[in-house]
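Order of the sequence lines fixes the chain letters, A, B, ..., with proteins taken first and strands second; residue numbering starts at 1 for each chain.
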Amino acid sequence: AQKVTQAQTEISVVEKEDVTLDCVYETRDTTYYLFWYKQPPSGELVFLIRRNSFDEQNEISGRYSWNFQKSTSSFNFTITASQVVDSAVYFCALSVLYGGSQGNLIFGKGTKLSVKP
Amino acid sequence: GAGVSQSPRYKVAKRGQDVALRCDPISGHVSLFWYQQALGQGPEFLTYFQNEAQLDKSGLPSDRFFAERPEGSVSTLKIQRTQQEDSAVYLCASSLFGQSDEQYFGPGTRLTVT
């Protein structure tokens with residue numbers, strides 16, 4: 001079975017601090033995809049990134065960076081120099097292509113990030 | 001371009017009523033997904049369409065839940081004889097092909113069953 005664990009329920013930081021959101025996943029499949037989504041107070045999930053299981057290269061996009069480590073089944077997300085607008089719930093998700101799945105996303109429970117001015 | 005839209009945004013139903021939730025995916029997107037998000041939880045998969053074919057409905061919690069996408073574009077999620085435990089936000093997502101393409105989500109329909 002597949003599972004995504006986001007152990008941090010809530011994180012509160014002060015603006016300009018760096019913050020890392022943890023994500024640990026479980027799957028027996030060798031081909032899978034990992035995602036991060038942002039859900040601001042408005043409620044709409046916003047896609048941030050997708051990585052496939054064969055590409056462990058870390059990625060940086062502006063203030064955002066992602067660290068994918070298959071050895072520890074982790075896909076952590078770091079926001080550098082956080083801003084108030086980063087306040088949201090962040091979800092990590094897993095998608096597998098086999099075992100009857102059609103690519104539906106398996107979400108963690110989310111981490112609520114509050115960035116205070 | 002237009003994103004995924006859902007209507008209504010909010011729905012209050014009395015227990016036992018039937019409800020219908022609509023999703024307009026991004027034009028040209030082959031795959032459409034429905035998810036249910038309870039308060040404080042991550043979204044949970046309900047069902048998946050590839051064009052008009054419902055290929056996976058393993059996440060539907062009971063036979064009171066029914067979804068369709070008759071022409072391969074707009075989809076409707078219907079819940080019959082609503083129960084209080086059906087109260088949640090229902091999210092629709094579409095992707096260009098599926099198979100782990102990024103999914104684009106609508107704003108959701110918040111259903112409250114009283």
Side-chain angles (χ1 to χ4, degrees), chain A residues 1-10 21 23-25 27 29-55 59 61 66 88-112, chain B residues 2-10 23-26 29-51 53-60 67 69 88-111:
Chain A
Q2 293 83 29
K3 184 179 179 182
V4 175
T5 301
Q6 295 179 256
Q8 304 150 309
T9 305
E10 291 192 42
L21 309 181
C23 173
V24 174
Y25 63 93
T27 180
D29 294 272
T30 56
T31 302
Y32 53 88
Y33 291 82
L34 295 164
F35 300 80
W36 277 94
Y37 281 85
K38 174 182 180 180
Q39 189 172 45
S42 60
E44 194 160 336
L45 281 160
V46 177
F47 167 78
L48 296 178
I49 190 172
R50 177 186 68 164
R51 303 296 292 185
N52 73 57
S53 52
F54 299 108
D55 183 3
E59 184 158 336
S61 176
W66 291 269
V89 180
Y90 290 86
F91 289 97
C92 181
L94 168 70
S95 174
V96 299
L97 296 183
Y98 302 105
S101 167
Q102 299 293 333
N104 53 283
L105 297 169
I106 300 151
F107 286 88
K109 292 190 174 183
T111 297
K112 182 177 181 180
Chain B
V4 178
S5 60
Q6 293 186 245
S7 61
R9 290 294 312 277
Y10 303 91
C23 171
D24 279 271
I26 294 172
H29 276 196
V30 168
S31 295
L32 186 146
F33 300 81
W34 283 99
Y35 294 85
Q36 180 190 60
Q37 186 176 20
L39 190 64
Q41 302 294 315
E44 292 191 356
F45 170 75
L46 293 177
T47 187
Y48 163 71
F49 290 87
Q50 188 176 88
N51 295 308
Q54 189 176 21
L55 299 186
D56 188 348
K57 53 182 181 179
S58 61
L60 296 176
R69 194 186 184 196
V89 175
Y90 290 86
L91 296 165
C92 176
S94 70
S95 67
L96 188 57
F97 294 113
Q99 294 291 295
S100 299
D101 286 342
E102 51 264 41
Q103 295 179 24
Y104 296 92
F105 283 80
T109 295
R110 181 177 296 277
L111 173 65

Quiz item: Do you know the tightest heavy-atom contact between B:G42 and A:F91?
Solution: CA-CE2, 3.3 Å
Quiz item: Does A:L45 reach the side chain of B:Y35, with side-chain heavy atoms less than 4.5 Å apart?
Solution: no
Quiz prompt | Distance in Å, B:Q37 CD paired with A:F107 CZ, rounded so as to fall on 0.5 Å steps | solution = 8.0 Å
Practice problem: Please check if atom NZ in A:K112 has more than 12 non-hydrogen atoms from other residues, nucleotides or ligands closer than 6.0 Å. | Solution: no
Quiz item: Is A:R51 atom CZ crowded by more than 12 heavy atoms from other residues, nucleotides or ligands, each under 6.0 Å away?
Solution: yes
Quiz item: What residues form a ring pair (Phe, Tyr, Trp, His ring centres under 6.0 Å) with B:F45, not counting sequence neighbours?
Solution: none
Quiz prompt | From CD (B:E102) to CG (A:L105), nearest 0.5 Å | solution = 10.5 Å
Quiz item: Looking at residues at least two apart in the chain, or sitting in another chain, which of them share a ring pair (Phe, Tyr, Trp, His ring centres under 6.0 Å) with A:F47?
Solution: A:Y37
Exercise. Give, as side chain, backbone, both or neither, the part of A:S42 having an atom under 4.5 angstrom from any heavy atom of chain B.
Key: backbone
Quiz item: Checking B:Q6 against chain A: side chain, backbone, both or neither under 4.5 Å from a heavy atom?
Solution: neither
Exercise. Go through the atoms of A:Q6 and report whether side chain, backbone, both or neither lie under 4.5 Å from a heavy atom of chain B.
Key: neither
